[in-house]
Amino acid sequence: MPGAIDAWCRLVADHGSKSLEEIFRPAIAAAEQGFCVTPRVAEDWRRFRARVEIDTNAAAQFLPGGAAPAVGDIRTQPALGRTLGNIARHGRDAFYAGEAADEMVSILRGLGGAHIADDFAAQASDYVRPISARYHDHDVIECPPNGQGLAALMILRTLAGFDVGTLSQADRIHLLAEATKAAYRARDAFCDPATSNIDPGSFLAEDYIADIRSRIDMARASTPATWDDIEHRDTVYVTVVDRDLNAVSLINSLFYPFGSGIYAPKSGILLHNRGWSFRARPGHANSLGSRKRPMHTIIPGLLRKDGKTVMSFGVMGGHYQAAGHANLLSNIFDMKMDLQAAAEAPRSFAFDGVLSLETTIAPATRDELRARGHDARFSEEPIGGCQAIRIDHARGVLFGASDHRKDGLALGF
């Protein structure tokens with residue numbers, strides 16, 4: 001079930017200082033009056049156009065004239081604008097009941113789906129207790145399973161046992177790769193917390209982490225961790241700090257580029273395909289189940305010190321996000337980088353048997369990592385994308401960062 005609309009409405013009702021109509025106004029204007037296609041969006045639209053070619057309605061909306069929009073084109077989504085306007089005026093029921101829900105159910109059932117109107121009406125977001133771990137006298141706050149925030153904390157706890165700031169670039173990449181593999185091996189235990197007995201604390205306990213550290217050989221790569229499921233890709237992260245220093249760390253995702261590719265033309269809604277990350281194997285912790293949530297990769301983050309939030313941050317990039325959180329914080333605390341430099345620094349990611357390196361890493365470093373047993377390869381595209389805001393409470397100053405790997409900016413007003 002799409003859950004974002006319910007979450008937005010509940011957050012605004014419980015904590016918002018503005019109305020839904022005011023909050024939705026810029027999005028409605030972009031949908032109805034049009035938005036300009038930027039270079040990164042145009043490239044992704046071209047690369048992943050096959051996702052919407054399979055659905056006649058989606059192709060008509062997203063491939064005008066049979067082509068992906070070019071840089072500088074103005075695109076509108078008037079049907080979506082009308083639906084957003086209805087939600088702004090009438091709340092969640094404008095999405096989960098009535099015409100919009102009826103259209104989605106009709107389309108999904110016509111394709112063989114098991115969805116019924118009650119599934120949409122019953123959708124409800126949960127407030128959950130975050131999980132945390134210490135890193136350099138700060139508390140790193142993450143969402144619990146069914147997300148992968150626990151993996152980010154496990155990586156950080158592992159790195160905390162090493163003097164990372166004194167290591168060479170090859171050593172740091174190797175160490176991050178080994179910590180990442182260990183954390184991601186544990187990730188398969190994640191599932192809907194309502195149906196799981198997983199104890200996040202057991203994965204962060206000192207004896208568990210000490211065992212991980214003891215198994216890391218700085219001269220040799222461990223056995224690759226492989227992933228036998230679908231890649232997670234299409235994510236947007238936003239963070240805002242207001243004048244009262246309230247911080248919001250928010251992430252939304254369609255799961256795959258253009259989600260499922262299934263489009264409801266009357267309501268303008270493009271449906272996600274996050275259910276694809278369920279396992280088909282009965283008895284697996286992440287197996288498909290009624291009213292159950294799949295393991296997912298999207299994780300907004302917060303950093304706190306002495307009881308105050310001092311940073312909100314997120315690193316888009318599917319599976320990379322947990323490793324990305326750890327790498328960003330290590331750059332800040334171990335490498336003493338400022339926020340923008342920490343976001344822009346070269347990245348690596350050990351996943352599915354390959355150690356991907358951005359091309360800003362020297363070939364000699366790649367060769368050294370290969371000599372340690374890594375299948376190190378230069379990535380054909382940027383790894384992830386970071387946005388963050390640091391709060392200097394003593395001076396009343398905000399520091400924003402948005403890296404160059406995707407569209408986005410840091411803006412204060």
Checklist entry - Distance-only, no hydrogens or angles: does the E103 side chain make a donor-acceptor pair with backbone N or O of S267 under 3.5 Å? => result yes
Checklist entry - Does one side chain, of Y237 or S249, offer a donor that lies under 3.5 Å from an acceptor on the other? => result yes
Item to check | Option from N286, D126, N146 for which side chain to side chain donor-acceptor pair (under 3.5 Å) with R293 holds | outcome: D126
Checklist entry - Which heavy-atom pair separates V12 from I23 by the least distance, and what is that distance? => result CG2-CD1, 3.6 Å
Next on the checklist: Is a donor from one side chain sitting under 3.5 angstrom from an acceptor on the other, for T297 and Q148?
Outcome noted: no
Next on the checklist: For a quick test of reading the model, state the closest non-hydrogen atom pair linking A170 to L369 and the distance between them.
Outcome noted: O-CD2, 3.5 Å
Next on the checklist: Run the ring pair (Phe, Tyr, Trp, His ring centres under 6.0 Å) test on Y208 and F203 for me, step by step, so that the C-alpha distance in whole Å, both residues' side-chain angles and the decisive distance to 0.1 Å come before the verdict.
Outcome noted: CA-CA 6 Å; Y208 188 95; F203 291 92; 5.5 Å; yes
Checklist outcome for this item: All heavy atoms of L20 vs all of C9, minimum pair found to be CD1-SG, 3.9 Å
Item to check | Between Y127 and D14: side-chain donor-acceptor atoms closer than 3.5 Å | outcome: yes
Next on the checklist: Any side-chain to backbone donor/acceptor pair from K181 onto S222? Under 3.5 Å, distance only.
Outcome noted: yes
Next on the checklist: Check the orientation of Y256 and F48. Use parallel for under 30°, tilted for 30 to 60°, and perpendicular for over 60°.
Outcome noted: perpendicular
Next on the checklist: For the backbone of L204 and the side chain of R157, can you confirm whether one donor and one acceptor N or O come within less than 3.5 Å of each other?
Outcome noted: yes
Checklist entry - H174 side chain to D217 main-chain N or O, any donor-acceptor pair under 3.5 Å? => result yes
Checklist entry - Do the ring planes of W8 and F24 sit parallel (below 30°), tilted (30 to 60°) or perpendicular (above 60°)? => result perpendicular
Checklist entry - For L303, which of L329, T309, I141 qualifies under side chain to side chain contact (heavy atoms under 4.5 Å, CB included)? => result L329
